[in-house]
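Because only heavy atoms are used, hydrogens play no part in the values below, and waters and symmetry mates are left out as well, while side chains stay in. The sequence lines fix the lettering, A, B, ..., with proteins before strands; numbering per chain opens at 1.
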Number of protein chains: 2
Amino acid sequence: MSATPPFAADTALPSVAGLPAPAFSPLYQQIKGLILQSLQAGEWKPGEAIPSEMDLAARFGVSQGTVRKAIDELAGENLLLRRQGKGTFVSTHAEQQVQYRFLRLMPDSGDATTEGPAERRVIDCRSVRANAEVARALGLRAGESVIQARRVLSFQGEPTILEDLWLPGSAFKGLTALQMSDYPGPTYAMLELEFGVRMVRADEKIRAVLPDAEQASLLQVTEQTPLLSVVRTSYTYNDAPMELRRGLYRTDRHHYRNALG
Amino acid sequence: MSATPPFAADTALPSVAGLPAPAFSPLYQQIKGLILQSLQAGEWKPGEAIPSEMDLAARFGVSQGTVRKAIDELAGENLLLRRQGKGTFVSTHAEQQVQYRFLRLMPDSGDATTEGPAERRVIDCRSVRANAEVARALGLRAGESVIQARRVLSFQGEPTILEDLWLPGSAFKGLTALQMSDYPGPTYAMLELEFGVRMVRADEKIRAVLPDAEQASLLQVTEQTPLLSVVRTSYTYNDAPMELRRGLYRTDRHHYRNALG
DNA sequence: GAGTGGTCTAGACCACGCG
DNA sequence: GCGTGGTCTAGACCACTCA
């Protein structure tokens, strides 16, 4: 029971010259926003169930159908996971059926399960000052503290991915090389667990490049071997960038897979 | 008015040993299937409006809400396009706001609109016999007739993409180099218009490679320039493969963009 | 059997596009 | 002002999970 709808739909806001009217916000979008706030505030932790649709409907003072539509959208964005008969759960990078949610590199033959998990070797992990590029990508000022790490992922004993990554120092203070290498499972799952930061979506820019001498050596290829450069920016709930990652992928036994709708 | 629901939900089909029960098919999924059939049969052409939700509800003998949910899914798969106040339309590669629906290559600065349309140069277009690889990708037998084409796309005067593509000869009989070069707009739109074949989704496998001498010459780069190899298989409504395309992308002024959800 | 999400319906009203 | 898709409600019943 209880409350009245959070806001009246703003059907008649003043319109701005030159721009289309500010648009009207349906109830279920407002409910979606409220659920998003609770997710962001950590009211429900990754992997946990959120309240049932009926409970949320009562809490927000709307019908079940309206809550349902809000949850539908959040589930479509992979922020929530519905399980019939059990409840609706906060998405997590752990306990994912697919091992790595953001990694699109696939073995040429077989699939990720036949290949087994990656072996990780952390080469470097330390706190540095952000240069201009890193600062821009993470929404920081140049010179602010960031954690920089480098590691090599190997599949079936063959070094395949060289990753450099940068995380804002403020959110990940105290991250160690040990955490980066010892956590069993995706690094994003470790960041959720240890720092409460959940990466929710990401953008990638892909190029073909040649490695420098050090990169080639780490991947055990020649400097004439073309590699995929994958620059990823990952975002948390409020669309704030929380990670910059640059991967160099060997594509002699793997390929980057993409589905176009 | 009219008909009874197309099928009773098959709640109690015999279950197969070792497999989970055959599942139950909600009404809206059946409606979705019927709409899909009409699309595939060409009852409504790309760009045209399909009947209103009320009309379809009457035609199928279900409620508007059920038709709505079926259409929602088809719109989510980009097969239909909803426009409030106007109707629901069959998606098309023409009149797309984004010029190229399947092309993920973006200029490093600015966007596709600032860059202007690509200039196309068709180098080759002829009928050949499918080799084993092409036959497998297109679901043909080796030796069957396929149309093979090669072309270069240039942006702002700079050759950027070299494409080889293969189309099943049966569906595209009579395709000429002239059609490939003269049609203003996406090639996929031309194939819709001239052959009634609509590419609905695609898969891409991406690698970093070095070009051979001929490829390098066509793209005006050296043989030591790393390029993106993008092998795309495109599918029509019934998930039948209808095109194999291999692109070599220069990534010195462009990058392949991907969003991860 | 109780509780969850999933489907389906019927009806009311709203926003949008267009003649 | 009409027809379209879009929102919201209320209620019934179904499928799934787990105790």
Side-chain angles (χ1 to χ4, degrees), chain A residues 1 3-13 15 20-33 35 44 48-76 80-91, chain B residues 1 3-13 15 20-33 35 44 48-76 80-91:
Chain A
M1 305 305 91
T4 58
F7 304 97
D10 11 336
T11 306
L13 290 182
S15 73
F24 118 105
S25 176
L27 234 196
Y28 77 87
Q29 287 286 3
Q30 301 175 37
I31 302 301
K32 182 181 170 188
I35 296 176
W44 314 301
E48 288 181 7
I50 70 172
S52 76
E53 295 178 353
M54 291 303 283
D55 286 354
L56 288 172
R59 164 164 162 181
F60 296 133
V62 300
S63 79
Q64 186 198 10
T66 300
V67 169
R68 170 162 271 276
K69 185 147 190 186
I71 292 180
D72 276 346
E73 289 210 355
L74 292 168
L80 295 177
L81 182 62
R82 323 190 71 144
R83 285 193 249 172
Q84 183 172 162
K86 301 188 68 175
T88 300
F89 298 78
V90 181
S91 290
Chain B
M1 307 304 90
T4 56
F7 305 97
D10 13 338
T11 305
L13 289 182
S15 74
F24 118 104
S25 175
L27 235 196
Y28 78 88
Q29 286 287 1
Q30 301 176 37
I31 301 300
K32 182 182 170 187
I35 296 175
W44 314 300
E48 287 181 8
I50 71 172
S52 75
E53 295 178 351
M54 290 303 282
D55 286 354
L56 288 173
R59 164 165 163 181
F60 296 132
V62 301
S63 79
Q64 188 199 7
T66 301
V67 169
R68 171 162 271 276
K69 185 148 188 184
I71 293 180
D72 276 346
E73 289 209 354
L74 292 167
L80 295 177
L81 183 62
R82 321 191 73 142
R83 286 194 247 170
Q84 181 172 159
K86 300 188 70 174
T88 300
F89 297 79
V90 182
S91 289

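Spacing between atom CD1 of A:Ile31 and atom P of D:dC8 amounts to 9 Å, rounded to whole angstrom units. Atom CD in A:Gln64 sits roughly 12 Å away from atom P in D:dG11 (whole-Å rounding). In this structure, A:Tyr28 atom OH and D:dG6 atom P are separated by 9 Å, rounded to whole Å. Spacing between atom NZ of A:Lys69 and atom P of D:dT9 amounts to 12 Å, rounded to whole angstrom units. Rounded to an integer number of Å, the gap from NZ of B:Lys86 to P of C:dG19 is 9 Å. For B:Gln30 and C:dT7, the CD to P distance is 12 Å, given to the nearest whole Å. Following rounding to the nearest Å, B:Glu73 (CD) and C:dC8 (P) show an atom-to-atom distance of 11 Å. One can place CG of A:Leu81 at 12 Å from C1' of C:dG5, the figure rounded to the nearest angstrom.
The minimum heavy-atom distance between A:Ile71 and A:Glu53, with the atom names listed, is CD1-CG, 4.1 Å. The minimum heavy-atom distance linking B:Trp44 with B:Val90 is given by the pair CB-CG2, 3.8 Å. When all heavy atoms of A:Lys32 and A:Ala70 are compared, the closest pair comes out as N-CB, 3.7 Å.
Set against D:dC8, C:dC8, C:dA15, the side chain of B:Gln84 has C:dA15 as its closest nucleotide. Which of C:dC8, D:dT7, D:dT9 sits closest to the side chain of A:Pro26 comes down to D:dT7. For A:Arg68, the side-chain atoms get nearest to C:dT7 when compared with the rest of C:dC8, D:dA10, C:dT7. For B:Arg82, whose side chain is taken as the heavy atoms from C-beta onward, the closest listed nucleotide among D:dG5, C:dT9, D:dT9 is D:dG5.
In this model, the phosphate group of C:dT9 is approached by a side-chain N or O of B:Thr66 to a distance below 4.0 Å at OP1 or OP2. Within the 4.0 Å cut-off from OP1 or OP2 of D:dG5, at least one side-chain nitrogen or oxygen of B:Thr88 is found. An OP1 or OP2 oxygen of C:dG3 is reached within less than 4.0 angstrom by no side-chain nitrogen or oxygen of A:Ser52.
Contacts of B:Arg83 with the nucleic acid, taken as non-hydrogen atoms under 4.0 Å apart, involve only primed sugar atoms and P, OP1 or OP2.
At a threshold of 4.5 Å between non-hydrogen side-chain atoms, the residues B:Met54 and B:Val67 do not count as touching. In this structure, B:Val62 and B:Tyr28 have side chains that are not in contact, with every pair of non-hydrogen atoms separated by 4.5 Å or more.
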